[in-house]
Amino acid sequence: MLDLKYVRENPDAVRRAMELKKEAGDLEGLLKMDQQRRDLLKEVEDLKQTRNRVSKEIGKQGADSEGAQQKKEEMRAVSTKIKELDDQLRQIDIKMEHLLLSLPNIPDEVVPIGTDEEDNIEVRAWGDKPKFDFEPLAHWDIGEKLHILDFPRAGKISGSRFAVYFAAGARLERALINFMLDLHTVKHDYCEVFPPFLVNSASMTGTGQLPKFAEDAFKVEGSDLYLVPTAEVPVTNLHRDEILDDEQLPLYYAAYTACFRAEAGAHGRDTRGLIRQHQFNKVELVKFVRPEDSDDELEKLTRNAEEVLKLLGLPYRVMLMCSGDLGFAPAKKYDLEVWLPAANTYREISSCSNFTDFQARRAGIRYRPEQGKKAQFVHTLNGSGVAVGRTVAAILENFQQEDGTVVIPEALRPYCGGMERITAT
RNA sequence: GGAGAGAUGGCUGAGUUGGUCGAAGGCGCUCGCCUGGAAAGCGAGUAGAUGGGGCAAAACCCUGUCUCGAGGGUUCGAAUCCCUCUCUCUCCGCCA
C-alpha cells in the first residue's frame, strides 16, 4: 500500500508506476474522494469539538440545571448530525482503502523498462551446463524409473498437481530442507522460524495476497483460515502492528513451510512433473530492515539464495525483473533461474524482492529510529532460499547418468545418510 | 465441546454508583543534582495515530479529532452501562 500523502503529492509518479507495471487502478477517483474526505472531516471534527466542549459544561454546571436542559437539546441535534457525517466518512474510507490497495508499488529507478520476461536483464550466470552423451530425461521420467516419484498415485489420492515421493526421493526432499535451513541459520545468520501453515485473512491482507489474489489461495471452508501460499505470509505477519526497537534491526528469518497454491489460470502449463504443484516445500528468507539499508540487503539476500545452488553445483542465472514483469508489490526483484537440461531451459527457482515500505505500511510494521522520535515503517524483503521441489527436479536432471542413476551432490550427502547415488530399488 | 475469569500506556497495575480520566501508583527509560566513578538517593520528564496553525522547511511551540482487545448500541457525555465478536487464563471432557 502506498502512502496516501505520497499519492496526493506525487500523482504523476503513481500514474507512471501503473503504466509500467500494467496495473489498472482508479487514481483519479481516489484523488477526488480524498478531497471530499478532507472537507467532510473538517466539518465533523468541528461539530465534535462543540459537543465535547458543551458536554463538559453540562457536567460542570450539573446535568439537572436549567441551562443544561437547553444545551442537551442542542447537542442532541449535533450528535445526530455527527452520526450522519461519520457514516458518510466511513463509506468513503472503505472505498478509498480499496482504491489505495489497488495501486502498485513504485519501481526502483534501476528497474529496466520493459513489457514482459523478454525484457528482463541477465545480471550474472554461474556454473557449467552439463553435457550428456545421451538424451537427458525429464525429471518425472527419471523419478518414475527410479521409483522415487509417483504422479499417478498422487492423482488418485489427491488429484492433478500433486506428487508422492518414495524412498530416496522422500529422503532427498527432506535432506534439502535441512540443508537449506542449516546453511541459512548457521552460515548466513538467519533465525529459524517454524510458523503455522494456516493463517487468517488479516495476515493474507497484510502481505497483499488479499484481496487482489484471492483465487490463488486455498481457503478452509467455514472458517477465516487460508493455507499458506508461502512462508512469507506468516513470517512477515509476525511483526504486524508492532513498533520494533532500532537495535532489533535488521531482523533475518528463515522458515520452512509447505506452500499451497490453487494455480488458477495455469491450466495446461507445466502439467507434468514437480514444477507446478498445488503443494510444495520451500525455505523462505524474510528480512525486516532500516529503509536506508534495503538496497544492500536485497543484494545480500539474493547472494544467500544463490549460495544454495552453488553448493549443490546447479547452474543458474540471476535475472533483474523489468517493470512489466516486476509484479504488484516489489520495488525491485531478482529471479534465480536454475538450468533444466531436459527442457533445455532455465526455470525460476527463487524470487528475491525488496518491497520497500509497501508491505510494512499495509501490515503496520514500524520501528523507532531514535528514542522519543516518530516511528517509521521498516522495509521488508523476502526471497526463496530456495524452492525445494524444483531443486529436486534440477538435481535429478543435471546429475542423471547414462545408466539411469542420479549422483547426489556432495554437500547434500551428509543429509542423505552418506548416500552418493540414487539407484532404482 | 461444558463452566468460570479476564483484556487499560514500554511493562505492571488502579479506575466498573457514567462528567475535572488519555488515565493514579509502581517498574523501566531519558535528563539533571549528588559522586573520583558507579550504585543508592533526590528532582523533572515520559502513550500512540492523524489534521490545522505558528514557519519556506527542520527542530520546537500552540491547537482539533480519534484511540483503554475489535465492532456496534444507549446517552448531552462511555475505560465505566448493553449487545456481538476475537484472544488469553483456570477447571472439566476429548484427543496426538
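Proteins come first, then strands; the chains are lettered A, B, ... in the order of their sequence lines, and each starts at number 1.
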Practice item. Look up atom NZ in A/Lys332 and atom CD in A/Glu109, then write down how far apart they are to the nearest 0.5 Å. Key: 9.5 Å
Practice item. Would you indicate, yes or no, if B/rA49 has its OP1 or OP2 atom less than 4.0 angstrom from a side-chain nitrogen or oxygen of A/Arg366? Key: yes
Check your understanding: Rounded to the nearest Å, what distance is computed from the CG atom of residue A/Asn237 to the C1' atom of nucleotide B/rC87?
Key -> 17 Å
Exercise for review: Rounded off to whole Å, could you give me the CZ-to-P distance for the A/Arg37 and B/rG52 pair?
Suggested key: 11 Å
Check your understanding: Looking only at atom C1', what distance separates B/rU75 and B/rG10, rounded to whole Å?
Key -> 35 Å
Check your understanding: Is the ring centre of A/Phe377 less than 6.0 Å from the ring centre of A/Tyr367?
Key -> no
**Study point:** B/rC61 versus B/rC55 - spacing of their C1' atoms, nearest Å
**Key:** 11 Å
Review point. When rounded to the nearest 0.5 angstrom, what is the spacing between CG in A/Leu2 and CZ in A/Arg361?
Key: 6.5 Å
Practice item. For B/rG77 versus B/rG18, give the span between their P atoms, rounded off to a whole number of Å. Key: 15 Å
**Study point:** Sidechain N-carboxylate O distance under 4.0 Å for A/Asp12, A/Arg15
**Key:** yes
Point to revise | Length of the CG-P vector between A/Asp93 and B/rG71, whole Å | key: 13 Å
Exercise for review: Taking atom P in both B/rG25 and B/rC42, compute the distance separating them and give it to the nearest angstrom.
Suggested key: 15 Å
Point to revise | Rounded distance in Å between the C1' positions of B/rA3 and B/rC82 | key: 23 Å
Revision key, fill the gap. d(A/Ser353 OG, A/Phe358 CZ) to nearest 0.5 Å is 12.0 Å
Review point. Is A/Glu45 side chain donor-acceptor paired with the B/rG64 base, going by distance under 3.5 Å alone?
Key: yes
Practice item. In whole angstrom, give the distance that lies between atom CD1 of A/Ile82 and atom C1' of B/rG72. Key: 17 Å
Revision key, fill the gap. Given protein heavy atoms under 4.0 Å, the one-letter contact record of nucleotides 73-86 of chain B, with B base, S sugar-phosphate only and - none, is simply -S-BS---------
Practice item. Give a yes-or-no answer on whether the side chains of A/Asp119 and A/Thr115 include a donor-acceptor pair shorter than 3.5 Å. Key: yes
Exercise for review: Provide the distance between the two C1' atoms, one in B/rU8 and one in B/rA70, to the nearest whole Å.
Suggested key: 15 Å
Point to revise | Separation between the C1' atoms of B/rU46 and B/rC91, rounded to whole Å | key: 41 Å
Check your understanding: Taking the six-membered ring for Trp, is the centroid-to-centroid distance between A/His278 and A/Phe218 below 6.0 Å?
Key -> yes
Review point. Over how many whole Å does the gap from A/Lys48 atom NZ to B/rU67 atom P extend?
Key: 7 Å
Check your understanding: When you compare B/rG9 with B/rC66, how far apart are their C1' atoms, in angstrom units rounded to a whole number?
Key -> 16 Å
Review point. Between atom NZ in A/Lys42 and atom C1' in B/rG64, what is the gap in whole Å?
Key: 8 Å
Revision key, fill the gap. For RNA chain B, the dot-bracket notation using Watson-Crick and G-U wobble pairs below 3.5 Å, [ ] for pseudoknot-type crossings and | for other-strand pairs, is ((((((((.[[[..)...(.....]]]((((((.......))))))((((((((.....)))))))).[[[[[..)....]]]]])))))))....
Practice item. Please report, rounded to the nearest Å, how far the P atom of B/rU50 is from the CG atom of A/Asp3. Key: 9 Å
Practice item. Step through the shown structure and confirm whether more than 12 heavy atoms of other residues, nucleotides or ligands are within 6.0 Å of CD on A/Glu410. Key: no
Exercise for review: Take the protein atom CZ of A/Arg240 and the nucleotide atom P of B/rG69, then report the distance between them rounded to whole Å.
Suggested key: 18 Å
Review point. Is there a donor in the side chain of A/Asp182 and an acceptor in the side chain of A/Tyr415, or the other way round, less than 3.5 Å apart?
Key: yes
Check your understanding: In terms of the angle between their ring planes, are A/Tyr190 and A/His188 parallel, tilted or perpendicular, with boundaries placed at 30° and 60°?
Key -> perpendicular
